[in-house]
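All chains are named by letter (A, B, ...) in the order of the sequence lines, taking the proteins before the strands, and each is independently numbered beginning at 1.
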Amino acid sequence: MFFYLICTARLEGAPIEKNNEGFLMFGEVSSQFTFAEREKQILEFWRENDIFQKSMEIYKDAPPFVFLEGPPFANAPPGVHHVLARIMKDAVCRYKTMTGHYVHRKAGWDTHGLPVEYQVEKQLNITNKAELEAYGVQNFIEKCKENVFQYEQDWRQMTERIGFWVNLDDAYITLSNDYIESVWWVLRQAWEKELLYQGHKVQPYCYRCGTTLASHEVALGYQEVADPSIFVRFRLKNRENAYLLVWTTTPWTLPSNVAVAVGEDYDYVAVEEGNGQHLILAKECIPNLFGDESPQVVENYKGRDLQAWEYEPLFDSGQYPEKSHYIVTGDFVTTTEGSGLVHIAPAFGQDDYEIGQKYNLPLVQLVGPDGKFVSAVKEPWAGEYVKDADPKIIENLDGRGLLFKAAEYTHQYPFCWRCDTPLLYYARESWFIRTTAIRDQMHQHNQQINWYPEHIKDGRFGNWLENNIDWGLSRERYWGTPLPVWVCDDCGHQHCIGSIAELKELGTDVPNDIELHRPYVDDVALTCGECNGEMHRVQDVIDCWFDSGCAHTAQWHYPFENKEMLEQAYPADFISEAIDQTRGWFYSLLATGTLLYDKPAYKNCLCLELIMGPDGQKMSKSRGNTVDPWTILNKQGADAMRWYMFTATTPWTPRTFTLDGIDEALKKFMGTLQNVYSFFVMYANLEQIDVLQDAPPVSERATVDKWILSRLHTLIDEVRDNMENYHLTNAPRAIEAFVDDLSNWYVRRSRDRFWGAEAGLDKHAAYATLYEVLVTVAKLSAPFVPFLADELYRNLVCSLDAEAPLSVHLAEYPVADAALRDAQLETDMDFTREVISMGHAARNRSGIKTRQPLAEFTLGGLSSGEKATVDRLAELVHDELNVKTIAFTEALDAFAQVTLKPNFKVLGPKYGKGVQAIAKALAAADAGTLKAELEAAGSLQVEASGETYPLEQSDVEVQTQNREGFFVEMDAKKFVALSTELTHELTLEGLAREFVNKIQNMRKEADFNVSDRIKLNLDTTSALLDEAFQAHRDYILRETLTTAVVDTPGENAFTLTQKLNGEPATLSVERV
RNA sequence: GGGCUUAUAGCUCAGACGGUUAGAGCGCGCGCCUGAUAAGCGCGAGGUCCCUGGUUCGACUCCAGGUAAGCCCA
């Protein structure tokens, strides 16, 4: 807590913390904190200092990077998938800001549509339109407005808490008059281009909601259901006892039947049914219907032969103004299911409707908008809901001997995505946008968009565009942007209004503050320009996807305001939403953008996949596997959640969300970085190092310093590269790998340079290097973990420099300095670490602890370059493995079994098929001899399969395998060996280190401060221990901060009797 | 039924261009180190790279077919 006080005080402009010698101090890093709590302090700091606003202001005149926010609905609380989308957007925007762009971040809210109506209906217990009208449209609309922002506070809090910087106070809202007016303007553009039209199409229709659904809505509600599957006999006219065998899964459409379709080229047969009756069906369908007992075929036809054959109606509705009940041909007929004869009811199917148009069949519509048979129907199912009528219809057919077979059929059938009512395919009047007219342009624009992942472009999205059909725009509902088309009562003239001004101009008694919603706009009557009659608005509202699809334009209230803004902000540089928006927002933006400006609406689109619950199943409330983001935000914090989401998997892969993964992010990355940071601050304060004043030039620093700086600058390039290409996973993964190297190699190797060494160049070099690295890492990771990054930055930078930007988010993103990169050094270090790792393995195997120095470390199988590498970094090897000398040997055979293998990659292209024969020959020959020959002569002749192949050194690889009986460790090419013989000197030295270790542990146990000086007493009967202590007395005293060795322990001494490598001793330590 | 995507260790994921001993982290077991402790290091066990064919001197990788899963469409 002390720590926060320091920081807060400093930020409020208090003098920078100094100790009494005038040394600038870093804020103390307490180990008593939680990331989650600390993040709240940082949020407070951001708020109080307007850091978000400032981060935009400083780049006001910089090149813009245009981000377009997909508007969420605030009528349900946000879930983890919303967090995912928001942090992806955030990281890109923060990165672009820090790399010098002006990133305007306007929030948005989607507000219209059936989901809202549905919630309000549920709340009011309204189940159909009649009840709704009775409640009153105006009241209903007002309720909708309330409902829409029900969870706005939750959204706000989540957005802020996760660190998503977006301007919620200047959000575009699709229900606002300004927004609607812009949408009207868009529709007016479509109208003027004759792309807005009224049509009659069969559409998925929800009788409960009383509206048609757009295809993307239908897609939301497919369920597997069992429907009746019946085969019905249709009696042919002009033929004795001959019937068509017709299949349907919707018996309720049979009363509206007007034709039967066959496939022109299919083979059909008439079969003998056994009772003198003949059945006509597709030949291929016989096995489906009759099984093994093939009926006798009495006649063969082609589909086209059957054309125009007439049959008797199953039911006579008497509504047949046009010729009907005959056979037609259609290319949609299949023989994989059913009978190859398809029942046609033009009012209830898209194919049916089209074929009805083609053959001029009557449109028999026996079902009302309420989903029930109309009362004009004479049969008993009049007034009954269609699905309930199915059994009665089947029974009726059976009774008349017309039912051939009845079964159940399980298939995917669409249900209303909100109210779960089965949809009916139903011919309705509707308004459309003629998107098919701009399909080619949309396709071209799609080609210009960078999709992440790329396969969306020509895959899912491209396919969708290819199969584009006109956009069913109108909804026969209440809560939405009203369709601004007025129709003359007298002459039928239509007009599309494009602005409020025009509405006021043409309308009579338009209130000055008119709200552009139903029922208010419904009350506005216009005067007909053609006949002076009175015009009234069509009752429909529009698809809310059209609202959000206009966001690129309507968010600015264009063209009524912000004309210059649109020029800058269209197209957007970047959008990101979940994959389900392919047919939603991704499409609607592209369609409206193409329609208006003939340009793609966005340049880069990051598609996010769904998040699965911890059980690997899709998250859903009904499954009970949802995760509330707050449980994580409150416990592990926002950074941990963010880091997990960035690094666990690419955002376009469906991910299984696990809490373990978040803990891992917390420990693995954040914990490690935090430890390095606190290590640095702790010792920098203790040792009073002024990192800014005394930094030696890099050329004078230690090799590890040069190495970590080279790694750092390689990292900068890597992160930037990935970010420029929207690889939001690879960038932080690279940072994570770097932090691991930083902690587990750089710091581990350099530890004593920070606290042990005398003040001087090397110590300053270590501090300066770690300081530069930490500050740079803070900046690099700022887009991903904005809280932790700012904590590091503010303490490391702002503590020393009052002039520095207040926050890491106001700092510039690091730029790599090529001069600091040393690829050779990085490779050398990798190699050396590999050798050391093998040394560790060998030590491990020998069972001799690292504290015990050993005489010699032998390496074999190294090239001369590799030897030079090890020499260059020998100090690391000595230290890490605690060995006195490093030796190289060529005596491979003594330790290892050598084999020669072809270098396939080189030899393959050279000798092709011969490669396998060469491999066999090399395996059979004596590898040692061949190797010697090759080294002596530089080349080798290999006889294989009767051919002679000349091989050069680069054509083969030497491989080794462990030979038993040595403390060696080897991989394919090299080996290491440890001499384990202990001389007296080595034993003494090992004991000295044993002393240090034991005394240090005692200091810790006795709760001494790391800087406390101590008095030491040693009491031992072991001559060996005594000798070791005397021989290495200076070393032991120095390492343990012992200022005096006393003969008797003091009163307050901490005393412990223990064994050092088996030798007994009693040690006492006491603070001076 | 069609389209797209995915399938690698118990779990979560890496594995340009095809190259013959397939990697990491977590988890597990053993050991080490500890003046970074929400630590750290080493070693070990753990894999028919979904299946079947094909192309190739050589396939986790390319092609075809299949299986399973996810999403989308009908």
Between A:His840 and A:Thr653, whichever has its closest RNA chain B nucleotide further toward 5' is A:Thr653
With sugar-phosphate taken as primed atoms, P, OP1 and OP2 and all else as base, the protein-contact string of nucleotides 26-39 of chain B at under 4.0 Å (heavy atoms; B, S, -) is S-----SSSBBBBS
When rounded to whole Å, the CD to P distance for the pair A:Glu466 and B:C73 reads 16 Å
Exercise. Report yes or no: do A:Trp451 and A:Asn446 form a side-chain donor-acceptor pair below 3.5 Å?
Key: yes
P-based separation of B:G2 from B:G66 [nearest Å]: 9 Å
Whole-Å distance, A:Asp458 CG to B:G3 C1', equals 13 Å
Rounded to whole Å, NE2 of A:His727 lies from C1' of B:A16 at a distance of 12 Å
Answer with yes or no after comparing the ring centroid distance for A:Trp464 and A:Phe586 against a 6.0 Å cut-off, counting only values under it. no
Per-nucleotide protein contact along nucleotides 5-12 of chain B, 5' to 3', at a 4.0 Å heavy-atom cut-off (B base, S sugar-phosphate only, - neither), is S-------
- Message: Work out how far the C1' atom of B:A39 is from that of B:C17, and round it to whole angstrom.
- Response: 42 Å
Write down the distance separating the P atoms in B:C63 and B:A7, rounded off to the nearest Å. 14 Å
Taken to the nearest whole Å, CG/A:Leu465 to C1'/B:C73 is 14 Å
TODO: Measure the shortest side-chain to side-chain distance between A:Phe657 and A:Leu84 over non-hydrogen atoms and say whether it is less than 4.5 angstrom.
DONE: no
- Query: Expressed as a whole number of Å, how far does the P atom of B:G40 sit from that of B:G3?
  - Reply: 49 Å
- Item | Sidechain N-carboxylate O distance under 4.0 Å for A:Arg1003, A:Asp1012 | no
Problem - Neighbour count above 12 (heavy atom, 6.0 Å) for A:Lys635 NZ - result: no
task = Between B:U61 and B:U8, how far apart are the C1' atoms? Round to whole Å, please.
result = 12 Å
A:Asp879 CG to B:C41 P, in whole Å, measures 18 Å
Suppose you measure atom P in B:A16 against the same atom in B:U52; what distance do you get, rounded to whole Å? 23 Å
### C1'-based separation of B:G23 from B:G15 [nearest Å]
7 Å
Smallest heavy-atom separation, A:Tyr767 atom then A:Tyr683 atom, equals OH-CB, 3.1 Å
key: Check: A:Phe1008 ring centroid to A:Phe1054 ring centroid under 6.0 Å   = no
A:Asn467 atom CG is separated from B:G3 atom P, nearest whole Å, by 11 Å
Checklist entry - At under 4.0 Å between heavy atoms, what does A:Gly908 touch on the DNA or RNA strands: base, sugar-phosphate, or nothing? => result base
**Asked** Would you say A:Trp464 stacks on B:C72, if stacking means ring centres under 5.5 Å apart and planes within less than 30 degrees?
**Response** no
Taken to the nearest whole Å, CG/A:Asp580 to C1'/B:C71 is 9 Å
Verify whether one side chain among A:Tyr425 and A:Asp352 offers a donor that lies under 3.5 Å from an acceptor in the other. no
Reading nucleotides 58-64 of chain B from 5' to 3' and marking B where a protein heavy atom lies under 4.0 Å of the base, S where only the sugar-phosphate is that close, and - otherwise, the string is S------
Practice problem: May I have the step-by-step check of side-chain contact (heavy atoms from CB on, under 4.5 Å) for A:Thr435 and A:Tyr587, ending in yes or no? | Solution: CA-CA 11 Å; A:Thr435 51; A:Tyr587 171 66; 3.4 Å; yes
- Can A:Tyr911 and A:Glu947 be counted as having a side-chain donor-acceptor contact under 3.5 angstrom? no
- Can you tell me, in whole Å, how much space there is between the C1' of B:G70 and that of B:G31? 43 Å
_Quick check: do A:Glu736 and A:Trp643 have side-chain heavy atoms less than 4.5 Å from each other?_
yes
For A:Trp652 and A:His727, take the angle between the two ring planes, folded into 0 to 90°, and tell me which bin it lands in: parallel under 30, tilted 30 to 60, perpendicular over 60. perpendicular
So CD1 of A:Ile456 and CD1 of A:Ile449: to nearest 0.5 Å the spacing works out to 12.0 Å
Contacts of A:Arg993 meeting side-chain hydrogen bond (donor to acceptor under 3.5 Å, both in side chains) (sequence neighbours excluded), chain-then-number -> A:Asn882
Listed range with range, the stems formed with RNA chain B by at least 3 consecutive Watson-Crick or G-U pairs (under 3.5 Å) are B:1-7 with B:67-73, B:10-13 with B:23-26, B:28-32 with B:40-44, B:50-54 with B:62-66
Taken to the nearest whole Å, CG/A:Leu978 to P/B:C43 is 13 Å
Judged by nearest nucleotide, the residue sitting upstream toward the 5' end of RNA chain B, A:Ser837 or A:Leu610, is A:Ser837
Which pairs would a plain distance check flag for residues 663-673 of chain A, meaning a side-chain donor or acceptor within less than 3.5 Å of a matching protein atom at least two apart in sequence or in another chain?
from: A:Asp663; atom 1: OD1; to: A:Gln636; atom 2: NE2; distance (Å): 3.0
from: A:Lys668; atom 1: NZ; to: A:Asp740; atom 2: OD1; distance (Å): 3.4
from: A:Thr672; atom 1: OG1; to: A:Lys668; atom 2: O; distance (Å): 2.5

